[in-house]
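So the structure is just underneath, and the comments pick up after that.
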Amino acid sequence: MSPRIRGLRACRAWFLARPAAADAVLALVLLLAGIPQLVWQDLPPDVTGSFAETDLRQVVTVTVVTLAISLRRVRPLSVLLVVLAGQFALTAWQYVPTIPEVAAFLIAVYSVAAHRGLAHSALGGVLALAVFNVVFTMMPVHNSLMVLLTNNALVAGVWMLGRNLRLRRAYFAELEDRAARLERARGTDARAARIEERSRIARELHDVVAHHVSVMTVQAGAARRIIDRNPDGAREAMATIEEVGRTALSEMRRIVGVLRTDRDADSARGELAPQPGLGDLGELLDHVRETGLSVQLWIEGEARQPSPGVDVAAFRLIQEALTNTLKHAGPEARAWVRLEYTDEDLTVEIEDDGRGTATIIADKDDNPGHGLVGMYERVALYGGELRIGPRVGGGFGVRARFPLEA
């Protein structure tokens, strides 16, 4: 970009940020362009005797009328009244019309229509037309009816231009405000979905931890009873307590990370049994098949026991994905669930050949996106990775990777 263009853009931005300065510059430009005409113009011989000679009174009046438009944005109706009064006085004194006063009149008519409401702008338009026609008939030279109609159409057109631009600005301002409200509403919904899902995850982890604490209590009681007659058995029970305690502490740290806001204590479950895990996957798939959805399961690699939190998260991820398939994939859809075990990771993949994401996004009655938010929260909680989107050949796919020891 050339320095000249950069300079022009900077100048334009400066004036846009300072509209009063821009109006003052416009008034000065009109005045500087009109004063030479006012002082040195030569009138045609046929109208020389009809108009008065230029004097100081005309120069001062034209200057006041022209400089008044520097306030056209803040007080448009007052500026219009000043301009109309000045034009009426100049015509009554039989001075010849000049460029600054005519331009100031049109700018004042435009400004009152563009910067005031309908009542004030309509009042200003009626006054402008009335004074203009009075001034037109007071002129010492004869003008045809066509010239009168043309000039009236010009004044009315300038007023309509200002009014239309005001309505257009109001329309765009309403669109921007509506977009901002929708953005705030989306942000609120997303935050509510995250809070709800985190609370649900925390409740599930609570059940896991409660189960471990119960196991520790039982083992500690057994160790206390047999420590005298069976030291080896007591040591084995204590080792179990240590292992279970470490797992419980790990899960508790995750609960503290999830619950950054207060959770409703009344909604916490009282049962101590852990949530379903991948060991219950067969029962889940049987329930899904009973609804009519064809589901196939593949397990690759040597199955390993993940941490309890990952076990719950993987099960809930598959459950949520299959629920979305049931709701959105359409009739005669098929689904595939694949578990891939490696030495360090567990990969969970759920795919279907249904209609994909279109109905998920369009189905507003089912709070679209909350289930997807939950999936991201679950996987991120255990340091995993998640990919969600349409699959090649049609349908929808969910792929997550969990560290086994998370």
Donor-acceptor contact below 3.5 Å, side chain [X] vs main chain [Y]:
X    : Y    : answer
D23  : A20  : no
D311 : L278 : yes
N230 : G233 : yes

Check whether any side-chain heavy atom of [X] lies under 4.5 Å from a side-chain heavy atom of [Y], and answer yes or no.
X    : Y    : answer
L67  : L28  : yes
F402 : T347 : no
D280 : F315 : yes
V398 : E349 : no
L322 : V337 : yes
V295 : R334 : no
D353 : F396 : no
L404 : T342 : no

I'd like to know whether T325 forms a side-chain hydrogen bond (donor to acceptor under 3.5 Å, both in side chains) with D352, so could you lay out the CA-CA distance, the side-chain angles of the two residues, the decisive distance to 0.1 Å, and finally the verdict.
CA-CA 7 Å; T325 299; D352 64 68; 3.1 Å; yes
If you count heavy atoms of other groups shown closer than 6.0 angstrom to [atom1] of [X], is the number above 12?
X    : atom1 : answer
F88  : CZ    : no
I227 : CD1   : no
M138 : CE    : yes

Heavy-atom closest contact ([X] atom, [Y] atom, distance):
X    : Y    : value
I388 : M375 : CD1-SD, 3.8 Å
L293 : A333 : CD1-O, 3.2 Å
G34  : P100 : CA-CG, 3.3 Å
V348 : A314 : CG2-CB, 4.1 Å
A24  : S70  : CA-CB, 3.8 Å
A234 : I226 : N-CD1, 3.7 Å

Could you tell me the separation between the [atom1] atom of [X] and the [atom2] atom of [Y], rounded to the nearest 0.5 Å?
X    : Y    : atom1 : atom2 : result
T63  : L56  : OG1   : CG    : 9.0 Å
L339 : E300 : CG    : CD    : 9.0 Å
E351 : R391 : CD    : CZ    : 4.5 Å
R191 : T188 : CZ    : OG1   : 4.5 Å
L31  : I99  : CG    : CD1   : 12.0 Å
L284 : R316 : CG    : CZ    : 9.5 Å

Sequence neighbours left out, what passes side-chain hydrogen bond (donor to acceptor under 3.5 Å, both in side chains) with [X]? Give chain and number order.
X    : value
D232 : R235
Q296 : none
R116 : none
E183 : R186

L346 and R304: CA distance, side-chain angles, deciding distance, side-chain contact (heavy atoms from CB on, under 4.5 Å) verdict:
CA-CA 9 Å; L346 167 63; R304 299 178 59 193; over 6 Å; no
Determine whether Q87 and V131 satisfy the following criterion, side-chain contact (heavy atoms from CB on, under 4.5 Å), listing intermediate values before the conclusion.
CA-CA 9 Å; Q87 277 208 322; V131 174; 5.6 Å; no
Under the salt bridge (charged side-chain N to carboxylate O under 4.0 Å, His left out) test, residues paired with [X] that sit two or more places apart:
X    : result
D345 : R401
D177 : R181
E236 : none

Candidate pair L84 and V135, rule side-chain contact (heavy atoms from CB on, under 4.5 Å), full reasoning:
CA-CA 9 Å; L84 292 178; V135 168; over 6 Å; no
If you apply the rule side-chain contact (heavy atoms from CB on, under 4.5 Å), what do you find for S78 with L81, and how did you get there?
CA-CA 5 Å; S78 300; L81 293 177; 5.6 Å; no
Please determine, by modelled atom types, if Y95 and R57 share a side-chain donor-acceptor pair under 3.5 angstrom.
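Judged by distance alone, the side chains do pair up.
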Parallel, tilted or perpendicular for F136 and F132, by the 30°/60° rule?
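Tilted: the ring planes of F136 and F132 meet at 30° to 60°.
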With sequence neighbours excluded, what pairs up with [X] under the side chain to side chain contact (heavy atoms under 4.5 Å, CB included) test?
X    : value
V79  : A68, I69, L71, V83, A108
L149 : L145
S144 : M146, V147
V29  : V25

If you apply the rule side-chain hydrogen bond (donor to acceptor under 3.5 Å, both in side chains), what do you find for T98 with E101, and how did you get there?
CA-CA 6 Å; T98 58; E101 63 181 271; 3.0 Å; yes
Got a salt bridge between E340 and R338, using NZ or NE/NH1/NH2 to carboxylate O under 4.0 Å?
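Yes, E340 and R338 are salt-bridged.
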side-chain hydrogen bond (donor to acceptor under 3.5 Å, both in side chains): which pairs involve residues 150-176, sequence neighbours left out?
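Pairs touching residues 150-176 that pass the test: N133-N152.
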